[in-house]
Novice: 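Quick one: the structure is below, questions incoming.
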Amino acid sequence: MLGVLYASQYRAMRWEEEKTNDGVKWKQLEHKGPYFVPLYEPLPDDVQFYYDGKPLKLSLATEEIATFYAKMLDHEYTTKEIFQNNFFNDWRKEMTPQEQEIIKQLDKCDFREIHKYFVDKNEARKALSKEEKQKLKEEADKIQEEYGYCILDGHREKIGNFKTEPPGLFRGRGDHPKMGMLKKRIMPEDVIINCSKDSKIPEPPVGHKWKEVRFDNTVTWLASWTENIQNSLKYIMLNPSSKLKGEKDWQKFEVARKLKDVVHKIRAQYQADWKSKEMKKRQRAVALYFIDKLALRAGNEKEEGETADTVGCCSLRVEHIKLHSKLDGQEHVVEFDFLGKDSIRYYNKVSVEKPVFKNLQLFMKNKDPGDDLFDRLSTAVLNKHLQKLMNGLTAKVFRTYNASITLQEQLKALTNPEDSVAGKLLSYNRANRAVAILCNHQRSTPKTFEKSMQNLQTKIDAKKEQLEKAQQELEEAEDEFKDKKDAKAEANVQKKKKLLERLKEQLAKLNVQATDKEENKQIALGTSKLNYLDPRISIAWCKKFGVPIEKIFNKTQREKFAWAIDMTDEDFEF
DNA sequence: GCAAAGACTTAGTAGATATGTG
DNA sequence: CACATATCTACTAAGTCTTTGC
């Protein structure tokens, strides 16, 4: 074979579908191991901790943990009782016996001086000169260069998270029972290295050993450790731009496209199952209907008291829905109100088919608010059923499928080929937004939202004024041309016309911006774009309507979707 | 057949960086 | 050019689903 390949051939080969199904993920894996975050640097002597109003010199380990709390002093977390208690408990465990003897109440601890020290330090860093900042950047780049890449089957690939997580206080989301607990420092002795046998095995930092070095090519991680809060594993894995991740991503969307072919049959079946004699089947059918229609997550069981109380479809409880025979002119309305992943609230009122409504009444009969709505159902049962309906089908495929098909339909409905690029982008964002709403992807309203909205309005008003003025000037110029009929006057008319056109465009652009911003207030578009929307739909749309891909995908996104950018033409259909 | 462990994807946010503006 | 604002990136928690071990 020739040593030279055309770029397109190379690309086609690079994304060629994986044939192996023996679970082997790679043949060669070489890397440097994780980068360990720097050790704790003690506070200067003039920065003091006070207990009960008196300065108290802390041992190194105790001081380090104190700084974790001090740094968070103006964060809402430190006002929460659970956070305070968990922190204080864990902190006391690390104290010397003498310190334990003295430090007995958190409210007698004064961290303010330590807090100020870190605030000042932060400011100082921000105020650094360009050259000094450049130097810091170069140092960071050097670390990235050395630890941030690995060799996988002959390709140099970027690693996603190559640094160990620094110690600190656990920041769980929502009402997390473990918030404030001490997240311990990861040492080489905690870390398992995974690489290929014949590769250069990473060296542990001097004076240290790895917990284990293994050669498992059926998994994709490079290193792992067990974190001490939930006692679960953490991994160092490849960046989404890597071939391995890209192929997996592609595969995910291919499974979702396969669902497109059978979804009608599946829908017909679960509708029929609403009337099944078996309670278990009815529950399965109603749950699947929710997952399909509302894009709910599967809802695995969680260990009580270990995490925030959140639910998905299969773990919904009676207290999470209300039934209304009639509401706001609609029949058979189900009102959902529960906390989902990341304790994000799901609130929705949906009019459902009568049999669904009847079934829900049945499922709720003689149950307490805290009882499971689908008591005969689990995600395992549901997924086992789905697996029989289509190879590779699980609950989450419905989210991917419905998100992608919605984008495709919305783009078709909303795009006007006559629009400017800005107008088309508004349509794109609206289509994206429809998906984000479906998937309930929310964000907290940016702190400066109201203000920046006002600023934009001021700009719009100013532009309107300019426009009116330009309009007048144009009329005057036209009058003058009627009088004089000379070349100079004609040129002036043309000039004013151009100006007017430009201002009109600018105003239109600002208006589009304002609409977009308002509609986006509490909705996060990024998550669906990155995880649920088949990028080929977006790329085909760009090509079809002459929108540069950079307008919808930033650098990171283009890297992640390199597989799709390489293979998609404007005719692609999901 | 089940629970726990393991592997991998999906999620919002904080802080860094880029861009626009007076 | 300094500052404000918008956008991007890194981070790591929190899910889903599969595998393991009894």
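All chains are named by letter (A, B, ...) in the order of the sequence lines, taking the proteins before the strands, and each is independently numbered beginning at 1.
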Novice: Distance check: side-chain N/O of A:Lys183 vs OP1/OP2 of C:dA13, anything under 4.0 Å?
Specialist: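 Indeed, a polar side-chain atom of A:Lys183 lies that close.
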Novice: By nearest nucleotide on DNA chain C, pick out whichever of A:Phe162 and A:Gln387 is the more 5' one.
Specialist: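 This one resolves to A:Phe162.
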Novice: Can you tell me which nucleotide in C:dG15, C:dT18, B:dA11 comes closest to the side chain of A:Asn531?
Specialist: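 Nucleotide nearest to A:Asn531's side chain: B:dA11.
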Novice: Is there a side-chain contact between A:Arg399 and the phosphate of B:dT9, meaning an N or O under 4.0 Å from OP1 or OP2?
Specialist: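 No, no such contact exists.
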Novice: What is the nucleic acid contact for A:Leu530, judged by heavy atoms within less than 4.0 Å: base, sugar-phosphate only, or nothing?
Specialist: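 The answer is nothing, as A:Leu530 stays clear of every strand by at least 4.0 Å.
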Novice: What is the nucleic acid contact for A:Ser232, judged by heavy atoms within less than 4.0 Å: base, sugar-phosphate only, or nothing?
Specialist: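 Answer is nothing: A:Ser232 stays at 4.0 Å or more from every strand.
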Novice: Angle class for the A:Tyr346/A:Phe338 ring planes (parallel below 30°, perpendicular above 60°, tilted otherwise)?
Specialist: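 Parallel.
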Novice: Across the strands shown, which category fits A:Gly526 at heavy-atom distances under 4.0 angstrom: base, sugar-phosphate, nothing?
Specialist: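 Nothing: the residue A:Gly526, judged by heavy atoms under 4.0 Å, touches no strand.
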Novice: Answer yes when A:Arg317 and A:Glu319 have at least one side-chain N-carboxylate O distance shorter than 4.0 Å, and no when they do not.
Specialist: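 Yes, charged N to carboxylate O under 4.0 Å.
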Novice: What's the closest nucleotide to the side chain of A:Phe170 if the choices are C:dA13, C:dC8, B:dA7?
Specialist: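 Per side-chain heavy atoms of A:Phe170, the pick is C:dA13.
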Novice: Counting the atoms with a prime plus P, OP1 and OP2 as sugar-phosphate, which does A:Ala395 contact under 4.0 Å by heavy atoms, base, sugar-phosphate, or nothing?
Specialist: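 Sugar-phosphate, backbone atoms only, no base.
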Novice: Scan A:Pro240 against the nucleic acid and name what it touches under 4.0 Å (heavy atoms): base, sugar-phosphate only, or nothing.
Specialist: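 It contacts nothing in the nucleic acid.
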Novice: Reckon A:Thr307 touches a base, only the sugar-phosphate, or nothing at all at heavy-atom distances under 4.0 Å?
Specialist: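 Result for A:Thr307 = nothing.
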Novice: Quick one: is C:dA13 close enough that its OP1 or OP2 comes under 4.0 Å of any side-chain N or O from A:Gln230?
Specialist: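 The answer is no; no side-chain N or O of A:Gln230 sits under 4.0 Å from OP1 or OP2.
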Novice: Is A:Arg156 positioned over the aromatic face of A:Tyr149, cation under 6.0 angstrom from the ring centre and no more than 45 degrees off axis?
Specialist: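 Yes, a cation-pi geometry.
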Novice: Quick one: label A:Lys126 by what it contacts on the DNA or RNA (base, sugar-phosphate, nothing), any heavy atom closer than 4.0 Å.
Specialist: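 Result for A:Lys126 = nothing.
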Novice: Taking only side-chain N and O atoms of A:Lys163, does any of them lie within less than 4.0 angstrom of OP1 or OP2 on C:dA10?
Specialist: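 Negative; the distance criterion is not met.
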Novice: Answer with base, sugar-phosphate or nothing: what part of the nucleic acid does A:Thr310 contact at a heavy-atom distance below 4.0 Å?
Specialist: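 Answer is sugar-phosphate: A:Thr310 comes under 4.0 Å of backbone atoms only.
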Novice: Whole-Å distance between C:dA14 P and A:Phe338 CZ?
Specialist: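 After rounding, the reported distance stands at 17 Å.
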Novice: Counting just side-chain N and O atoms, does A:Ser224 come under 4.0 Å of either OP1 or OP2 of B:dG6?
Specialist: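 Looking at the OP1 and OP2 atoms of B:dG6, neither is under 4.0 Å from any side-chain N or O of A:Ser224.
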Novice: Thinking salt bridges, do A:Lys555 and A:Glu550 make one under a 4.0 Å N-O criterion?
Specialist: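 Salt bridge: no.
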Novice: Is the shortest side-chain N to carboxylate O distance from A:Glu247 to A:Lys243 below 4.0 Å?
Specialist: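 Salt bridge present between A:Glu247 and A:Lys243.
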Novice: Side chain of A:Lys234 only, heavy atoms from C-beta on: which candidate in C:dA13, C:dC17, B:dT9 is closest?
Specialist: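 Given the options C:dA13, C:dC17, B:dT9, the side chain of A:Lys234 is closest to C:dA13.
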Novice: Heavy-atom nearest nucleotide on DNA chain B for A:Ala524 versus A:Lys245: which residue maps closer to 5'?
Specialist: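 Closest to the 5' end, via its nearest nucleotide, is A:Lys245.
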Novice: Could you tell me whether A:Lys178 sits above the aromatic face of A:Phe170, with NZ or CZ closer than 6.0 angstrom to the six-membered ring centre and within 45 degrees of the axis?
Specialist: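 Checked: cation-pi criterion not met.
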Novice: Can you tell whether the side chains of A:Glu254 and A:Arg257 come within less than 4.0 Å, N to carboxylate O?
Specialist: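 Answer for the salt bridge query: yes.
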Novice: Rounded off to whole Å, could you give me the CG-to-P distance for the A:Leu339 and B:dG12 pair?
Specialist: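 It is 13 Å, rounded to the nearest whole Å.
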Novice: Ignoring backbone atoms, establish whether A:Lys252 has a side-chain N or O less than 4.0 Å from OP1 or OP2 of B:dT10.
Specialist: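 A:Lys252 to B:dT10 OP1/OP2: side-chain N or O found under 4.0 Å.
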Novice: Using only modelled atom types and a 3.5 angstrom limit, is any donor from either the side chain of A:Lys248 or the base of B:dT9 paired with an acceptor on the other?
Specialist: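 Absent.
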Novice: When all nucleic acid strands are considered with a 4.0 Å heavy-atom cut-off, which category describes A:Gly299: base, sugar-phosphate, or nothing?
Specialist: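 Answer is sugar-phosphate: A:Gly299 comes under 4.0 Å of backbone atoms only.
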Novice: Taking the side chain of A:Tyr235 as heavy atoms from C-beta outward, which of C:dA14, B:dC8, B:dA11 is closest to it?
Specialist: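 Looking only at side-chain atoms, A:Tyr235 lies closest to B:dC8.
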Novice: Pick base, sugar-phosphate or nothing for A:Asn300, based on heavy-atom distances below 4.0 Å to the nucleic acid.
Specialist: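 Base contact.
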Novice: Looking at the side chain of A:Met237, which of C:dC11, B:dC8, B:dT17 is the nearest nucleotide?
Specialist: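 Of C:dC11, B:dC8, B:dT17, B:dC8 is nearest to the side chain of A:Met237.
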Novice: So what does A:Arg297 hit on the nucleic acid, given a heavy-atom distance under 4.0 Å: a base, only sugar-phosphate, or nothing?
Specialist: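 It contacts sugar-phosphate atoms only.
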Novice: Can you tell which of B:dT10, B:dA7, B:dC8 lies closest to the side chain of A:Leu233?
Specialist: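 Output: B:dA7.
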Novice: Mapping A:Asp216 and A:Arg173 to their closest nucleotides on DNA chain B, which lands nearer the 5' end?
Specialist: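 Mapping each residue to its closest nucleotide by heavy atoms, the 5'-most match is A:Asp216.
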Novice: Please state how far atom CG in A:Asn554 lies from atom C1' in B:dT19, giving the value in whole angstrom units.
Specialist: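 After rounding, the reported distance stands at 15 Å.
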Novice: Using the side-chain heavy atoms of A:Val219, tell me which of these nucleotides is nearest: B:dA11, B:dA7, C:dT12.
Specialist: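 Nucleotide nearest to A:Val219's side chain: B:dA7.
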Novice: Between A:Glu227 and A:Lys183, is there a side-chain N and carboxylate O pair less than 4.0 Å apart?
Specialist: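 Result for this pair is no, no salt bridge flagged.
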Novice: Considering every strand and a 4.0 Å limit on heavy-atom distances, what is the contact class for A:Lys396: base, sugar-phosphate, or nothing?
Specialist: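 Sugar-phosphate contact only.
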Novice: A:Arg345 has an atom CZ; how far is it from atom P of B:dG12, in whole Å?
Specialist: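 It works out to 16 Å between those atoms.
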Novice: Should A:Thr527 be listed as having a side-chain N or O under 4.0 Å from OP1 or OP2 of B:dA11?
Specialist: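 The answer is no; no side-chain N or O of A:Thr527 sits under 4.0 Å from OP1 or OP2.
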Novice: For C:dT7, does OP1 or OP2 lie under 4.0 Å from any side-chain N or O of A:Lys555?
Specialist: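 So the side-chain polar atoms of A:Lys555 never come under 4.0 Å of the phosphate oxygens OP1 or OP2 of C:dT7.
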Novice: Nearest to the A:His441 side chain among B:dG12, C:dA13, C:dA14, which nucleotide is it?
Specialist: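 Nearest listed nucleotide: B:dG12.
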